[in-house]
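Both backbone and side-chain heavy atoms feed into the values below; hydrogens, waters and symmetry mates do not. Convention: sequence-line order gives letters A, B, ...; per-chain numbering from 1.
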Amino acid sequence: MQKSPLHPFSATIMAWYAEHQRELPWRQTKDPYAIWLSEIILQQTRVAQGLPYFERLISSFPTVSDLAEAPEASLLRLWQGLGYYSRARNLQKAAQMVMRDFAGVFPQSYDEIIRLPGVGPYTAAAIASFAFDEAKAVVDGNVYRVLSRVFAIETDIASSAARGVFTSLAQSLIPMQDPATFNQAIMEFGALQCTPAPDCSDCPLRVSCAALSVGRVAELPLKSKKTKVKEIEMNYLVIEQNGQLLVRERTEKGIWKGLWEFYLIEDSCDWLPFQRQALKSPPVHLLSHRKIHCDAWYVQVPDNFELEIPEGYGWMSPSDFESKGKPVLLLNLITDNLDCPILQDISPTYL
DNA sequence: ATCCCGACTG
DNA sequence: CAGTCGGGAT
């Protein structure tokens with residue numbers, strides 16, 4: 001077999017990976033379905049947080065067919081607490097596309113894989129290399145960090161040019177004889193060794209790292225854009241009548257689409273149908289682009305009173321509501337107010 | 001308080 | 001191409 005020479009960088013990180021890699025369930029398989037599932041979970045999510053979700057999802061939906069046929073609500077319930085819920089909705093759309101357009105066989109090339117919803121350049125390269133040994137370099141946040149430092153690249157990673165610059169470089173470094181291990185190695189290296197605030201003293205690249213030699217490690221990678229945070233107010237009324245709760249699914253575009261919630265008043269809470277009991281407010285809830293101030297009240301509606309149901313809302317039993325996916329903000333509200341009997345009944349079994 | 005992480009949408 | 005989409009670690 002013809003062997004092209006290995007770049008010193010590639011040799012070093014692959015040797016490092018052989019020593020330091022974590023044992024992770026999706027690294028013990030070549031099953032593209034399991035690898036795809038793990039990669040979607042790991043988008044914008046750290047391994048420690050994603051791991052239990054992977055275990056629950058793969059055992060609930062062992063095959064792409066199981067996932068395609070699952071009710072969306074049960075998928076979102078399993079995804080609860082992981083954030084970026086469009087990932088779960090796209091995951092199922094993609095599973096249905098595999099069944100319909102690929103006859104149930106997971107697509108086997110980068111060009112086909114990237115057609116799946118929720119799969120972009122990074123994820124397609126990851127699946128194509130890990131499952132099918134296609135020599136496509138992955139470029140994720142770890143790769144930006146590692147390459148910008150080792151090669152002292154000052155390209156702004158928020159710029160439109162960045163992806164091309166880093167993809168070309170990574171593609172020039174990937175060894176044809178083992179692209180999968182190279183891709184795993186460079187990301188694991190970014191996750192464990194070349195971290196945002198790294199300890200360079202025991203780094204295997206410390207003698208060749210360009211950023212370290214010029215004292216630019218802390219400044220790289222360069223990133224210009226910062227997201228502005230909008231402050232919003234959410235007032236929840238936990239409305240109970242006959243042991244049922246007034247709830248709705250968030251169907252409009254925006255945050256938490258597909259998740260469920262109590263009666264929500266976005267602005268000031270001046271609707272006072274009956275005597276209300278203040279609940280303990282959850283702490284200010286921070287998203288990347290939202291700062292949510294939340295207040296909540298409990299309202300018991302007399303059994304024989306005919307309440308006018310607001311548009312989009314309906315009555316639901318606590319146990320059915322428990323089985324729906326809810327934002328972490330509401331899970332916090334529930335667990336902070338377990339002295340309220342009906343909230344005990346929807347206390348989540350896990351986050 | 002600040003930073004981390006991909007893909008889609010309009 | 002700028003804005004949107006969550007949650008957690010440090």
Side-chain angles (χ1 to χ4, degrees), chain A residues 36-53 76 79-91 93-94 97 113-127 136-146 148-149 156-164 166-167 170 183 186-188 190-199 217-232 234 250-259 261 282-292 294 325-332 348 350-351:
Chain A
W36 166 60
L37 179 59
S38 75
E39 288 301 335
I40 300 298
I41 290 171
L42 293 176
Q43 286 173 5
Q44 312 298 79
T45 302
R46 284 175 165 74
V47 165
Q49 191 198 357
L51 191 49
Y53 287 86
L76 282 167
W79 204 269
Q80 171 176 284
L82 205 47
Y84 288 102
Y85 298 93
S86 64
R87 289 182 292 171
R89 300 193 304 270
N90 282 333
L91 193 68
K93 279 190 209 131
M97 187 183 293
I113 294 167
I114 202 170
R115 288 160 48 193
L116 301 173
V119 175
Y122 161 74
T123 307
I127 300 168
K136 278 278 188 183
V138 292
V139 179
D140 74 342
N142 292 306
V143 175
Y144 280 140
R145 194 165 54 248
V146 172
S148 69
R149 286 171 175 169
D156 180 358
I157 64 169
S159 70
S160 50
R163 169 156 289 279
F166 284 90
T167 302
N183 278 343
I186 190 169
M187 291 195 290
E188 191 80 332
L192 299 182
Q193 175 67 49
C194 197
T195 57
D199 173 8
V217 169
E219 284 69 44
L220 293 176
L222 239 53
K223 188 180 180 185
S224 64
K225 269 182 255 174
K226 41 189 150 193
T227 50
K228 52 184 186 299
V229 177
K230 198 184 297 178
E231 298 204 25
I232 59 175
M234 288 186 162
R250 293 178 65 93
T251 54
E252 71 277 22
K253 68 186 173 104
I255 63 171
W256 300 334
K257 184 179 174 192
L259 303 191
E261 65 185 358
V284 170
H285 194 73
L286 296 168
L287 309 179
S288 56
H289 56 308
R290 293 284 185 280
K291 184 174 181 179
I292 305 173
C294 178
K326 295 170 284 295
V328 166
L329 169 60
L330 280 190
L331 300 179
N332 290 337
Y350 59 82
L351 286 187

Suppose we screen for side-chain hydrogen bond (donor to acceptor under 3.5 Å, both in side chains). Which residues come up paired with A:Q44, at least two apart in sequence or across chains? none
Could I get the full list of side-chain contact (heavy atoms from CB on, under 4.5 Å) partners for A:L37, not counting sequence neighbours? A:Y33, A:I41, A:F54, A:L57, A:I58, A:L91
With sequence neighbours excluded, residues passing side-chain contact (heavy atoms from CB on, under 4.5 Å) with A:S159: A:T155, A:D156, A:A161, A:A162
Write down the distance between [atom1] ([X]) and [atom2] ([N]), rounded to a whole number of angstrom.
X      : N     : atom1 : atom2 : value
A:K326 : C:dG7 : NZ    : P     : 13 Å
A:K291 : B:dT2 : NZ    : P     : 10 Å
A:W79  : C:dG8 : CH2   : C1'   : 16 Å
A:L82  : C:dG8 : CG    : C1'   : 11 Å
A:Y53  : C:dG6 : OH    : P     : 13 Å
A:I113 : B:dA7 : CD1   : C1'   : 16 Å
A:R163 : C:dC1 : CZ    : P     : 15 Å
A:M234 : C:dG6 : CE    : P     : 10 Å

Comparing A:A48 and A:G83 on DNA chain C - which has the more 5′ nearest nucleotide: A:G83
Reading DNA chain C from 5' onward, which residue's closest nucleotide shows up sooner: A:R290 or A:A158? A:A158
Do you know which two heavy atoms are closest between A:N183 and A:A125, and how far apart they sit?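 Taking every non-hydrogen atom into account, ND2-O, 4.3 Å.
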Atom of A:R87, atom of A:I40 and distance for their closest heavy-atom approach: NH1-O, 3.2 Å
When you compare the protein's N or O atoms with those of nucleotides 8-10 of chain B, which come within less than 3.5 Å of each other, and at what distance?
{"unit_1": "B:dC8", "atom_1": "OP1", "unit_2": "A:G118", "atom_2": "N", "d": "2.6"}

Check whether any side-chain heavy atom of A:P196 lies under 4.5 Å from a side-chain heavy atom of A:R145, and answer yes or no. yes
Would you say that A:V146 contacts A:V143 through its side chain, given a criterion of any heavy-atom pair below 4.5 Å between the two side chains?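 A side-chain contact under 4.5 Å is absent here.
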Tell me whether A:Q43 contacts the main-chain N or O of A:G118 through its side chain, where contact means a donor paired with an acceptor under 3.5 Å.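 A pair under 3.5 Å: yes.
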Using the test ring pair (Phe, Tyr, Trp, His ring centres under 6.0 Å), find all partners of A:Y122 that sit at least two apart in sequence or belong to another chain. none
Pairwise N/O distances under 3.5 Å, protein to nucleotides 3-5 of chain B:
{"unit_1": "B:dC4", "atom_1": "O2", "unit_2": "A:R46", "atom_2": "NH1", "d": "3.0"}
{"unit_1": "B:dC5", "atom_1": "OP1", "unit_2": "A:G141", "atom_2": "O", "d": "3.1"}
{"unit_1": "B:dC5", "atom_1": "OP1", "unit_2": "A:R145", "atom_2": "NH1", "d": "2.9"}
{"unit_1": "B:dC5", "atom_1": "O3'", "unit_2": "A:Q44", "atom_2": "OE1", "d": "3.4"}
{"unit_1": "B:dC5", "atom_1": "O2", "unit_2": "A:Q44", "atom_2": "O", "d": "3.0"}

